[in-house]
S.K.: 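There's a structure below that I have some questions on.
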Amino acid sequence: MSKPTTDQQLQTLIRGCEHCFTTEELEKRLDSGKQLRVKLGMDPTAPDLTLGHTVVLRKLRQFQDFGHKAVLIIGDYTARIGDPSGKSKTRPMLTPEQVKQNAETYMKQAGKVLDLSDEKFEVRHNSEWLEPMSCADVLRLMSQMTVARMMERDTFATRQKAGKEIFMHEMLYPLMQGHDSVMIKADVELGGTDQTFNNLCGRDLQRNANQPPQIVMTLPLLVGTDGKLKMSKSMGNYVAVTDTPTDMFGKVMRIPDPLMRSYFELLTDTPEEKIAALTDSPDANPRDSKEELAKTIIELYHSKEAATAAAQEFKRVHGGGTDGATDFESTLPDDIPEVAIPADMIKDGEVDPLSVTVHCFNEKSRGVAKRLIAESGIRLNGEVITDPQTPIKIKTGDILQRGKRKFAKIALQ
RNA sequence: GGUAGUGUGCCCGAGCUGGCCAAUGGGGACGGGCUGUAAACCCGUUGACGAAAGUCUUCGCAGGUUCGAAUCCUGCCGCUACCA
């Protein structure tokens, strides 16, 4: 394939971005023909990647495909502050070992999207230059920003308004992140829209350091499976890139319909016309469109076969209008975790319903198990358990079910 | 440093003229129903132990008053606002 023209690159790169500061600069920089250094910051505290992370990673990959270099910054030093965008208060200080381990996991997972070859990928830790800074260095850094400008930042502004505390050191975060850009001479920095301020900071600092300011491209935040909040691990509304095909399928099928379009746009390469046909057309059956979405995503992180298999399993388990095979056995998912039941829990082949429930599903007390049973939420081989008192007969291979989608395969010991 | 206010269960937030408070309400979460395991909607549950009666632990922390305290008093700590 011949080298794509500046214009082709530009069109592809801009697509899907929320903002680009500025497109003209990007065009000029691409036109120079040199390999651009495209920066992406990574927080070493959250090693499990979600589809939310992949939105930015996919963009980075596009740059790589055009021959540019991805520069991953591991924010091992900035993690000590904690990004003020997050709500979490004090962050535990990470040991170098933890950072290393987290970074490895990250890379392993990011590798599903990125090209990790040396000529297109570089990793740096920001402790490399932040750690040795003297107080004078920090003063110099701080003198480049005014309080007023800092307070413009939405998270600071809203917190201020809400009467929430803001700590001085938090204001250092954007500066440090910007300083990273200076140190690695970034041409472009990518990030979610919540990073806009931080990334723009880099432009100012670079300008002051007589560097051409980086182009800042921000990508939309992926809404989580709950349909409301930004996808994040802490909110539990995420799909992890390491999720099994079955899990991915189930989670994607459960997203609210209106989210389909953005998922297609941000997470897949599906061409616009097809997206329109699947999501906007009145003929499109939303269920089928969503299945298509789920399969497309699984293909990206697993394989085509896995995608098809997951779809079939889903149909079978949830009886999506198939041949009426509704007996209990045939509607079980494939991968039910096996739970060993300790011998002392069993008496004459019977167990106390409360104990097994707590044991199999890790409930936090017998009280919640009791409630679940009272609410007809616990089933043994498809039969609802009605009385928490009556011991139940149990044998290896039995299926205990909690709610709609938690299962455990009994294994007596 | 001064003055005023405030600190409640996963979160927000009532209660605070003492007992009827394990503590109203909302959100979230969970379970059931309806569905396309979507959304919306309806019903229910949401401190621990107990079959239950009941018992225990919980309203920033530590003491005190009282038959009895989330509620009153004292000290401490945190947060907020105004003033300095």
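Proteins come first, then strands; the chains are lettered A, B, ... in the order of their sequence lines, and each starts at number 1.
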S.K.: Quick check with a 6.0 Å cut-off and a 45 degree axis cone: is A:Lys251 positioned over the face of A:Tyr238's six-membered ring?
M.R.: yes
S.K.: When the C1' atoms of B:C20 and B:G26 are considered, how many whole Å apart are they?
M.R.: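 Comparing C1' positions in B:C20 and B:G26 gives a spacing of 24 Å.
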S.K.: Classify the side chain of A:Glu375 versus the base of B:G44 as yes if they form a donor-acceptor pair under 3.5 Å and no if they do not.
M.R.: yes
S.K.: Look at the side-chain N and O atoms of A:Arg379 and state whether any lies under 4.0 Å from the OP1 or OP2 oxygen of B:G32.
M.R.: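 So the side chain of A:Arg379 is within the cut-off, an N or O lying under 4.0 Å from OP1 or OP2 of B:G32.
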S.K.: Any idea which of B:C30, B:A48, B:U35 is nearest the A:Lys404 side chain?
M.R.: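 The nucleotide sitting nearest to the side chain is B:U35.
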S.K.: Now, which nucleotide makes the Watson-Crick or G-U wobble pair with B:U74, with each of the two distances under 3.5 Å?
M.R.: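 With both distances under 3.5 Å, B:U74 matches B:A62.
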S.K.: In whole angstrom, what separates A:Leu354's CG from B:G50's C1'?
M.R.: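 Going from CG in A:Leu354 over to C1' in B:G50 covers 11 Å.
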S.K.: With both distances under 3.5 Å as the test, what is the Watson-Crick or G-U wobble partner of B:A69?
M.R.: none
S.K.: Across all strands, who's sitting opposite B:A4 as a Watson-Crick or G-U wobble pair, both distances under 3.5 Å?
M.R.: B:U80
S.K.: Nearest to the side chain of A:Lys364 - B:G50, B:A39, B:A48?
M.R.: B:A48
S.K.: Starting at NZ of A:Lys370 and ending at C1' of B:G31, how long is that distance when rounded to a whole Å?
M.R.: 16 Å
S.K.: Rounded to whole Å, how long is the line connecting atom CD of A:Glu363 with atom C1' of B:G47?
M.R.: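 Roughly 15 Å, once rounded to whole Å.
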S.K.: The side chain of A:Arg287 lies closest to which of these nucleotides: B:G36, B:A51, B:A48?
M.R.: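 The closest nucleotide is B:G36.
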S.K.: What about A:Asn285, does its side chain sit under 3.5 Å from the base of B:G36 through a donor-acceptor pair?
M.R.: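 A donor-acceptor contact between them is absent.
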S.K.: In whole angstroms, how far is the P atom of B:A38 from the CG atom of A:Asn237?
M.R.: 17 Å
S.K.: For A:Lys290 and for A:Gly403, locate the closest nucleotide of RNA chain B by heavy-atom distance; then report the residue assigned to the nucleotide nearer the 5' terminus.
M.R.: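 Its nearest nucleotide lies further toward 5', so the answer is A:Gly403.
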S.K.: Take atom P in B:A48 and the same atom in B:A53, then report the distance between them in whole Å.
M.R.: 16 Å
S.K.: Between A:Leu30 and A:Leu13, is any pair of side-chain heavy atoms under 4.5 Å apart?
M.R.: yes
S.K.: Can you tell me how far the CD atom of A:Gln214 sits from the CZ atom of A:Arg207, to the nearest 0.5 Å?
M.R.: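 Output value for this atom pair is 10.5 Å.
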S.K.: A:Ile378 has an atom CD1; how far is it from atom C1' of B:G31, in whole Å?
M.R.: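 For the pair A:Ile378 CD1 and B:G31 C1', the rounded distance is 9 Å.
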S.K.: In whole angstroms, how far is the C1' atom of B:C30 from the CG atom of A:Leu372?
M.R.: 7 Å
S.K.: Of the listed nucleotides (B:C49, B:U46, B:G32), which one gets closest to any side-chain atom of A:Arg371?
M.R.: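 Selected nucleotide (nearest to the side chain): B:U46.
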S.K.: Expressed in whole Å, how much space separates the C1' atoms belonging to B:G28 and B:C10?
M.R.: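 Approximately 8 Å lies between the C1' atom of B:G28 and that of B:C10.
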S.K.: By nearest atom, which of the nucleotides B:A48, B:G32, B:G50 is closest to the A:Arg366 side chain?
M.R.: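 Taking heavy atoms from C-beta onward, the closest nucleotide is B:G50.
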S.K.: Does B:A22 have a Watson-Crick or wobble mate here (both distances under 3.5 Å), and if so which one?
M.R.: none
S.K.: For A:Arg366 and A:Asp352, run side-chain contact (heavy atoms from CB on, under 4.5 Å): C-alpha distance rounded to whole Å, both residues' side-chain angles, the deciding distance at 0.1 Å, then the answer.
M.R.: CA-CA 11 Å; A:Arg366 309 192 90 223; A:Asp352 160 37; 2.3 Å; yes
S.K.: Going by purine N1 to pyrimidine N3 plus the second Watson-Crick contact, or the G-U wobble pair, all under 3.5 Å, which nucleotide sits opposite B:A29?
M.R.: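 Answer to the pairing question: B:U45, which forms a Watson-Crick or G-U pair with B:A29.
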S.K.: When the P atoms of B:U24 and B:G31 are considered, how many whole Å apart are they?
M.R.: 23 Å
S.K.: So, applying side chain to side chain donor-acceptor pair (under 3.5 Å) with A:His68, which one of A:Gln9, A:Arg29, A:Gln62 is it?
M.R.: A:Gln9
S.K.: Can you check the A:Ile373 CD1 to B:G32 C1' distance for me, whole Å?
M.R.: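 Those two atoms, CD1 and C1', are 15 Å apart.
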S.K.: Quantified in whole Å, what is the P atom distance between nucleotide B:U57 and nucleotide B:G63?
M.R.: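 Roughly 14 Å separates the two P atoms.
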S.K.: Provide the distance between the two C1' atoms, one in B:A14 and one in B:G27, to the nearest whole Å.
M.R.: 15 Å
S.K.: In this structure, how many angstroms lie between the P atom of B:A38 and the CD atom of A:Glu291, rounded?
M.R.: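 A:Glu291 atom CD is separated from B:A38 atom P by 15 Å.
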S.K.: Looking for any heavy atom pair under 4.0 Å, which part of the strands does A:Pro388 touch: base, sugar-phosphate only, or nothing?
M.R.: nothing
S.K.: Side chains of A:Leu293 and A:Thr268: closer than 4.5 Å at any heavy-atom pair?
M.R.: yes
S.K.: Would you kindly compare A:Gly250 and A:Ser365 by the position of their nearest RNA chain B nucleotide and give the one closer to the 5′ end?
M.R.: A:Gly250
S.K.: Could you tell me how far B:C72 sits from B:U66 if I compare only their C1' atoms? Round to whole Å.
M.R.: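 These two C1' atoms come out 10 Å apart once rounded.
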S.K.: For the atom pair SG (A:Cys20) and CG (A:Leu26), what is the distance rounded to the nearest 0.5 Å?
M.R.: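 CG of A:Leu26 is found 5.0 Å from SG of A:Cys20.
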S.K.: Give me the distance, rounded to whole Å, that separates B:G18 from B:C73 when you measure between the P atoms they each carry.
M.R.: 11 Å
